[in-house]
Every structure is written in structure tokens, then in C-alpha cells.
Number of protein chains: 2
Amino acid sequence: MTSNAKNILFIMFDQLRFDYLSCYGHPHLKTPNMDRLASNGVRFTNCYVQSPVCGSSRMSFYTGRYPSSHGAQWNGFPLKVGEMTIGDHLRTQGMDSYLIGKTHMRADVEGMARLGISPDSTIGARVAECGFDVFDRDDGLWAEGPDGFYDQQKSTYNEYLKSKGYGGNNPWHDYANSGVDDQGDIASGWMMMHADKPANIREEDSETPYMTSRCIDFIDQMNTPDSKPWLCHLSYIKPHWPYIVPAPYHGMYGKEDVIAPNRAESEKNNAHPVYQAFMNNVIGQAFRRDEVLESVVPAYMGLIKQADDQLGRLFQHLEETGRMNDTMIVVTADHGDYMGDHWLGEKDLFHEPSVKVPMIIYDPSEQADSTRGTVCDELVESIDLAATFYEASGGVLKDQLDHILEGRSLMPILQGQPLTDWREYVVSEYDYSMTPAAVKLDIAPRDARLFMVADKRWKFMHAEGGIRPMLFDREADPRELNDLGESTLPEHLAVIDLMYQRFNEWNRRLNQRTTVSEQQVRAMRGTSRRRGVVLGVYDGTEIERELMVRYEGRAAEQRLSLE
Amino acid sequence: MTSNAKNILFIMFDQLRFDYLSCYGHPHLKTPNMDRLASNGVRFTNCYVQSPVCGSSRMSFYTGRYPSSHGAQWNGFPLKVGEMTIGDHLRTQGMDSYLIGKTHMRADVEGMARLGISPDSTIGARVAECGFDVFDRDDGLWAEGPDGFYDQQKSTYNEYLKSKGYGGNNPWHDYANSGVDDQGDIASGWMMMHADKPANIREEDSETPYMTSRCIDFIDQMNTPDSKPWLCHLSYIKPHWPYIVPAPYHGMYGKEDVIAPNRAESEKNNAHPVYQAFMNNVIGQAFRRDEVLESVVPAYMGLIKQADDQLGRLFQHLEETGRMNDTMIVVTADHGDYMGDHWLGEKDLFHEPSVKVPMIIYDPSEQADSTRGTVCDELVESIDLAATFYEASGGVLKDQLDHILEGRSLMPILQGQPLTDWREYVVSEYDYSMTPAAVKLDIAPRDARLFMVADKRWKFMHAEGGIRPMLFDREADPRELNDLGESTLPEHLAVIDLMYQRFNEWNRRLNQRTTVSEQQVRAMRGTSRRRGVVLGVYDGTEIERELMVRYEGRAAEQRLSLE
């Protein structure tokens, strides 16, 4: 099921909560541009990421595979050489894939060296960049500490800022992500007490407008009569922290706009050990403080408002250049942000604000006219996008690429086709081996893994290492405050049993036989017999005569063994 | 736990049943050379291959990983680029790995092209040959049918035969694997009615002596003062079919040496559907015929006897060159051969004659003196060899390579160390998607998969695609004739439940996070904080002062946003 769209604009925000858009129901924050895209496309209300952490989630988006299939299960765990991505699959369809912004990709430098793949070659550059051709990569995390920079690469954004006159070695931090305090000193955005200050930067030079401008440059460069179809992954770092935003966005929202965190004292009682460890970490401790929420939430909202305005600017450019008519547009996020819910900050676990993301898809095709402005409540996974893009570009998933891509194409939903045999549950994974929780629980890295299995009612979590599961009944407990993982009620035990059945089924999935498709298996059957491997034959009468004929009635030229 | 051995000679026979060696209890067949190795080393009585089919089993031996981890789940399914093998791991220890004979490897040509890896380069050649440097590769399957040769490569053995004066295009078939019938015509070894004839070749030119000579050549070439340590994989095609052997071996055994097949009429009643389909296939039908067994079994025994004699020749050369003192020697097989047991021929399923293999390991080290001539009944898997070789060469498996290698080192067993926490069960897999059984059962390729979970008493088989399991109680039923997969006895249901628990645990294993070791995970913890990603900080008092100091007390050079 293809799309008439020639191009794909795949927009990702980092750490954007699904319910902080007005089309997803936020009461105070208005995001008219995202809403407009939703009114022209399909808005998915049950889209889950495959891992609620940047790197792992993104590798799933890009490979179309679960973390335990691609193996890059945490930030900085290199995506192994050979794992194919959207870029590889779309290139077979005559489409190029470009990157603008963040991937959080760490190249498998060792694997590349072992296989003799030079990072300077076209192939090597793609292998090191999730299969994308880089228009502008900037991960937007130019943090610096006693051991140096978090990101060892060169920041194009920092270079841009320097060219604009922002001083110092790291204007990303000193201007874009800091304010100024009463003493005239840099007020680092890493300290949340400064989140209410305006970032010390011209708004148009801050990260979200910069990336938007880069995308506009890209679209203009591609606007030639003979340009190939493209996918452009526009990947914003914001509203990811540091939580700080330039004027006027810093002042648009205040304390009164902070929604009371969704949390209950009862959650702390007999909490699941992993959940408990996350509640107790520095981030969890911070986000239970009112002053943190009052400072951070308005800044987070300002960042989203700025993002929406920039999308408006981008969409206008698409209109003006005609690209709105031939470009499929996706807006999504790599994961959410707890913002104090469940006594947590950041992402990491499987409550809705962390693991659910916004997903809006606009398909310009006529075939999609019937679904414009509709809302889809089906269970969707982030890995579905790769499958969707592949089908949209004219590729056939079934039996031809579904031995690699583990998601499902959303094209039938976008084009209003009846869904047959849709998934009954989604799966998400979280490897917390790198976190203080793993140290605290004294758990081996390989066992520091969590898995979510969720349908529309029940959300279940399995923990490796002999730790008990978690369970939420979202019908009785839509706010996910009451963990039933230790319930002894027969109904709950039956649900846990069902969830384990599903989880076990999922674990048995075929996911590494990536060199032979279902179609190829069928085509290869019987070929070895027709190439002479005729087993089980006593006198030749057992099988087709043509398979044996070459072995009969040929005189032996010599009789060597009897000489 | 290293070995003092400098080199490793890793000998594999193809389709050699464990119980067709005298040291494993064969009543008529004497294999004194294998027995002698066993009496100088350790003989393993419970060694299981990870898949009872050539290609998949071998890829597990070479990668040290289960088929569902490496993905090459059947003959001809390419091993994907990037999968590391023994060769890769030993090279990091300063050891080279050479191949003589068969691997059944099919290169991932598409993947290599995608990554720009030339098959002509050193790296490309290794990638295409399971990580080995090729001394002489010959898979020994020069079958030819209406669609051409099964194997598209060049046969070094065929070239050798031609150089020796054997005529025609394919002397492998016409001489080495055929006899001569009463009319003077070629009597193809593919037809089992000819298995009792002598192969039409000088014994010293047949495949097993040829490969042995090549190994002797190799040892001589390496016998220089400055030679690097090596692993040599000497991989014989025999006693794999065509079942035919040159004189005098063709006449050494007769009908009277055929052991009655281990089978019962009751096995046919309500047989498991997959087992039923294999019983009904051409091979199964053939091997229930007496004339087949009477013809094939003596030839098979002759092939093994020849193999043993050739090992005697090889071992003598090792003695003479001093290599017996500095070379670890392994003798094993990629799988067994039913030989009519359970109404089956070939391999494929999980009965003992198919899935269990001989495994004899000789370690010349002094530390292994205490175990010479001992027998080990522990549950061993073929993937243990890669781990063993790595440790023998001085590598440390635990936390450093066990994120890639899924087997366990046998070094503690070889050196008489106490075993702690040894495995309680073994797993084997079989993908039958390419077989007529899959067609007959009308099962999707991805569902045509079987899994064995076995401990010393119980052997359980799970079938995908909604087919019931199988179960044998080898204490009550050592001959595996009574399938309890449909038993409703509580004891059996409890065992099936336990086996599913184990199977599910195994399916959850971490097997794709191959770019980061356990040790590296531990070392990476906390590094991002020390590189400035300081999350959860409100005013800086929450975390170590040194992490925040660079963000404090620095005058803002400009106050741009307020201009």
C-alpha cells in the first residue's frame, strides 16, 4: 500500500510528552501547528516507544526493530555494524535519507575497524550515522564536566553560535542553555533553579529555530526539478533538558499553569524495587519538590510552544514550495518526561508519560483524504514507522522485509483500509544496567532489564534478575497509581499469566534470520535436490526421474580401485 | 583458565554418530585412534549440538552462539556480516585460525556489498569464510543436478583428483563417491543400493586421506621456529553421505554388523505432526527398508574406520613433529545420523542419534594430567568449544566476552577444577522451513521452528505454530520411544511446565548487545555525569561539588537576549 507522497519529513522531538500538546488534551498549552497537522492527518493515541530512553528508542525507530533485536539497548551502546536502518531500506526504493539534528547514535567503531570500513567513506559515514546521509548532525548535548565533553563530536550548532558572535568555547551551554543571574554570572540551565530565566540568546539563534532553518535550507536545496525523493529526519533536541528557553517563551507560562503531578503517597508503600530505586535517585528526589516543578514545567511548556511556532514556520515553507502536497509528515518523540508524575523526573520507566509518545502522520495522498482529522486508538509501536515508510515508498513488507522489520505498516490506517489481525499488545524494553538503580540493587548488567507488555487495559512489567513483576489495571486505575504486581486475586493472577504468555511468545519471535526472507525460503525449497543432493534414494525409483538420470548408464572411464 | 597448549587442532567429522566409536560403546566398530585420544583426554558423554543440521550447527560452533542468536538457521542461510567467530576472537589473542575442509558457510554477499567489503580483501575473505583463513576449503558436496552444481565454488579436491588422472568434470562424484556396476557403468553413491560397492578410487586419493594429507602439509608449513600459534579447523565431509567407501573399507563390515534400529511400531501411533512428516519423507521411507540398512550401515562403518585410521596417521605426524606436546586436540561432529532409528534417516530431529555428538578433548598441559582418560557426563553444548578455545588461548570469558559467546568454557573440566553452577539443561534448535515437512504442514517459514530443552532425564521439544510439544523420560524410556507430549499425568504436566520455564528463561537471554561487555557497562557507569550531564540538579547542592563547579561564578560575557 504505497503513498503518492514523494518525500517523507520525519520530525522527532526529544522528551516531548504526548499530553503536552493541545490536540492531545493539554488544558493550557496551545499547539495550533501540531494540531493543524493532526487535523489534516491521523493522530494516534496509543503509540508506545520501544524503549523509554533516547538512544535505544531511536535505534528502534531507525532500524524498525526492538532493542533486544538490534542490541543497542542504552545510550552510547554502539549500534552494531550490519544492523540495517530506514536509510538502507529506502535506498533500495530509490530514496535518499538525510539527517538534520540528533540521533544519539554511537558508531560501532570496533566493528567498523574489524570489517575494514573507513568512517571517511560514504558507506562508513552511513554506518556511523544510522544509515543517514548527514545534512547537519548535532545531538544537542554539549555538556562538559571534569572529564571533558559528553559528546566528542564537533557541534555544528556551536560553530553557528560562534559565527554569530556568541563567545567562549561552548556557547551552546553559556548562551543557548543558560540565563544570567543577578550577579551577571552565567546561570546554567543544568541547574533547574534557573529554568524560569530567559536563555541568554536571541530567540532566532536558539536550537529549535536553528534546526528549523537548517531544514528549510535542506528543502530549498532539494527543490530542483530532478531531485530524488528523500526522507528527511528532522530531529530536535528540545524540549529535552537543560530546561531553559529564550524570551518571550520563558515568560509565557507560570506556576498557575503547572498541572498537579499525578502521584499518590500510596505509591511509595511497598514499591517495586526498581521503581523504588528510581524514586530515590537524584532526579526523583528533585521532581518531588514544588520549586522544581514550578520552575521547570513552565520552561518545558515554553520550549514546546517555541517548537510549535517553529513547526508553523516550517509548514508555511512547505506550503510555499509545494512540498506540502508531495511530502508525508510525521511528528513524534523518542519518549516522554515524567515531570513529577509518580514521584519521578526524566523518562526511564513504563508509566504513560514516559513510554507513550505523540504520533501524528499526515499523508498528502488522495487515498488518505478519508482519514484526515481522525484519531486512531489502535496499539501502535514506534517501530511501525520504518515499516510505514518502506510501504509508503512502494516497498512490500509482507514476506519480503518482515524478516528484518518488526513493526507493522500504518498505511492501512492512514488510508482508511480495514485492519485485519492487528496487534493485541505492545512491548517496550528498558535496560537500566548503566543507572545507579542497578548499582543499588546490586544486579548484574545483563539482568538489569525491564520489559513492558501492555494492551489497552492492562500494563504489565517483567523484571529480570528474579524481581517481581508490576501490573496496572488502567480501566480501574487510569492514572496507574495502584501496582497489582503482588496481588493474589485470581483475576490478577490470570492477567499476569496471560501477560507472561504474550511476553514469552514475543521472546520467541524470529528476529535474527535477517539474511533470508520468507519469500526467499519458499523459493529456495527443493533447489538442493535439483542440484543433485538426492537423499534417501535406494535405486532411483523413489524420486523424479529427471533428478536421477544423470547418474545412470554412464560408463566408468577407469576402474581405479580394482587395478 | 588458560592451557599451555600453543595450538588448537579442531577436528570435525560430518554426520558422525556419537555411538559409532568404540570408546562410546559401539560393539563391532573399533576406533583405536579416537579411543587413544580419549584415553589421553576427556570424553564427554552428553554433548549436544545447537542444531541437528550441518550449516546451522557449524555456525554455532564457529560463532559460539545459538542459531537464533546468529541467525543462520539452515544450510545456505548466509551468516550475516558482523557476526563474530572463533577466528575474530582468537586473533585478539595473537592466534591465527585456519580452515581445512568443510564449513557449509554461505557468505552474506548482499551484506558485504552493502558495507563495501570486497570478497577479495583479507577481511572480506574471512567474513565469507566464518572468520577463518582458508588453507583449503572444500565442502565435499559436489552434487550436480538438472539445475547445475549444488556448490558453486571451486573444488580443490576435484582439482586434485584431476591432477591424479581421474577423468571427467566431476571425479568427486564419478570416482570418490561412486562404484562400478556389473555393466561397467558408474554406480552413483547417491543410490544407496551401491553403498556396498567399493568406491572407484585409490584409497589414498579418497576424501578423508586427502584432507588428512592437507592437514599434515599445514602442520609442516607451520613448523618453523617463529610460527604464530594457530587454530586449525580440520573439517572432514565423511562419514556424511554419499555412503560409499573405497576398498578395503567397503568390505570390512557386513549385514551381521548392522545393529537393529532402535524403533517401535508404537512410535507411529499418534506421532507428533512434525515427526510424522519426517517419518513419511523419502529419507524416512528409505531407512525403514532392511536392504537400505544392510547396504548403508556397513559403508558408514567403513567410512568411520577409515576416518579413525587417518586420525592415527595424523596423530603420528603430530608426535613426530612435537605438536602432540603443544596442541590441544578436539574430535567432534556437527550432528549424528539416525541410521533407521525411530523410522528415520539423516539427522534433523532431536533424538539422541541425531542431536548428540562425540566430543573428545585432549589438552597437553600438565594441568590436565589429572583428567586424562576420564569421562565427563555433564551437559555440554557445541557452543562451549568457542568459549573453551578463547580461554585456552588466554582470553577471559567472564564479563569480557560472555556478552557475545553464549557457551561455557570446558577448561575447568579439562583441568579437573570443581564446577560451580554448571548448566542444568541444554538447548538445540531446528528450523525446518526449507523441508517438505513445512510444505506438508502448510506452516509459514517463520513458524517452522523446533526447540529442544533437555536435562539428563527429560527431553522436551517445543514446536512453533501451535503444534503440541514432545517429551521423553529417558530414565523410564532410555530409548526415547514413548512420546509423553500429550500425557495428562500430573508428573508429566509438571515437567512440561518446568521445561517451558527453562525455555522461556533461555529465550529471554541477552544475546544481541554484542558491542558492550558486562565489564564495559560497569566501567561506563557515571561517566556521563562526569562529562557534564548533571540531571536532577536544582541548585547544585544535590551532587558532588566538582561536577557543578564549572557552571558557577562565571561572568556572562554578553547579555544577548536582553539587548
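Computed over heavy atoms, backbone and side chain alike; hydrogens, waters and symmetry mates excluded. By convention in this document, chain letters (A, B, ...) are assigned in the order of the sequence lines, proteins followed by strands, and residues within each chain are numbered from 1. Note that this is a predicted model, so its numbers are computed, not measured.
Listed here is the closest heavy atom pair of B/I283 and A/L535: CD1-CB, 3.7 Å. B/A199 and B/A176 make their closest contact through CB-O, 3.5 Å (heavy atoms, listed as atom of the first residue, atom of the second, distance). Across all non-hydrogen atoms, the minimal contact from A/E203 to A/P248 is CG-CD, 4.5 Å.
If you tally non-hydrogen atom pairs under 4.5 Å between each of B/R114, B/E546, B/Q520 and chain A, the highest count goes to B/R114. Counting heavy-atom pairs closer than 4.5 Å to chain B, the top-ranked of the candidates A/S118, A/G116, A/G167, A/S433 is A/S433. Chain B forms the most heavy-atom pairs under 4.5 Å with one residue out of A/M84, A/H403, A/E542, A/M112, and that residue is A/M84. Note: B/D174 leads B/V439, B/D174, B/V81, B/L547 in heavy-atom pairs under 4.5 Å with chain A. Ranking B/W74, B/F149, B/W241, B/W506 against chain A, the residue ahead of the rest is B/W241, based on heavy-atom pairs under 4.5 Å. Counting heavy-atom pairs closer than 4.5 Å to chain B, the top-ranked of the candidates A/V127, A/V282, A/T435 is A/V282. If you tally non-hydrogen atom pairs under 4.5 Å between each of A/I543, A/T514, A/V292 and chain B, the highest count goes to A/V292. Comparing B/V296, B/D402, B/D431 by heavy-atom pairs within less than 4.5 Å of chain A, the highest count is held by B/D402. With respect to chain B, the highest number of heavy-atom pairs below 4.5 Å among A/G148, A/G82, A/G124 belongs to A/G148. With chain A as partner, the option from B/V521, B/I117, B/N507, B/D147 having the largest number of non-hydrogen pairs under 4.5 angstrom is B/D147. In terms of heavy-atom pairs under 4.5 Å with chain A, the best-connected choice from B/R508, B/K80, B/R513, B/E557 is B/R508. Contact tally against chain B (heavy-atom pairs below 4.5 Å) for A/E110, A/R522, A/E505, A/Q285: the top residue is A/R522.
Only the side chain of B/Q152 comes within contact range of chain A, with heavy atoms under 4.5 Å apart. Residue contact with chain B, scored on non-hydrogen atoms closer than 4.5 Å, involves the side chain of A/D108 exclusively. Contact of B/E464 with chain A is made through the side chain alone, with heavy-atom distances under 4.5 Å. At a 4.5 Å heavy-atom cutoff, B/D205 makes no contact with chain A through either its backbone or its side chain. Contact of A/S528 with chain B is made through backbone and side chain together, with heavy-atom distances under 4.5 Å. With a 4.5 Å cut-off on non-hydrogen atoms, A/A555 touches chain B through its backbone and its side chain both. Using a 4.5 Å cut-off between heavy atoms, A/I123 contacts chain B through its side chain alone, with no backbone atom that close. Residue B/A195 does not touch chain A at all, counting heavy-atom pairs closer than 4.5 Å. For a residue to count as touching a neighbouring chain, one of its non-hydrogen atoms must lie under 4.5 Å from one of that chain's; by this rule A/R91 does not touch chain B.
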Which atom pairs, one a donor and one an acceptor, fall under 3.5 Å between side chains of residues 185-194 of chain A and the rest of the protein, sequence neighbours left out?
from	atom 1	to	atom 2	distance (Å)
A/S188	OG	A/H173	NE2	2.8
A/S188	OG	A/W190	N	3.1
A/W190	NE1	B/Y551	OH	3.4
A/H194	ND1	A/K197	NZ	3.0

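Side chains of B/V516 and A/P78 form a contact here, defined as non-hydrogen atoms less than 4.5 Å apart.
By the side chain to side chain contact (heavy atoms under 4.5 Å, CB included) test, B/E291 is found to be paired with A/Y538, B/R289, residues two or more places apart in sequence or in another chain being considered.
With hydrogens and angles disregarded, a donor-acceptor distance shorter than 3.5 Å links the side chain of A/R65 to the backbone of A/I404. In terms of modelled atom types and a separation under 3.5 Å, the side chain of B/R531 and the main chain of A/Y150 share no donor-acceptor contact. Listed for the A/E518 side chain is a donor-acceptor partner under 3.5 Å among the backbone atoms of B/R446.
For the atom pair A/W142 CH2 and A/D151 CG, the distance stands at 3.5 Å (nearest 0.5 Å). Going from atom CG of A/L79 over to atom OG1 of B/T515 covers 8.0 Å, rounded to the nearest 0.5 Å.
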Applying side-chain hydrogen bond (donor to acceptor under 3.5 Å, both in side chains), run through B/S69 and B/R509 and close with a yes or a no. CA-CA 10 Å; B/S69 298; B/R509 75 196 184 279; 2.7 Å; yes

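Aromatic ring pairs are classed by plane angle as parallel below 30°, tilted from 30° to 60° and perpendicular above 60°; the pair A/Y500 and A/H462 is perpendicular.
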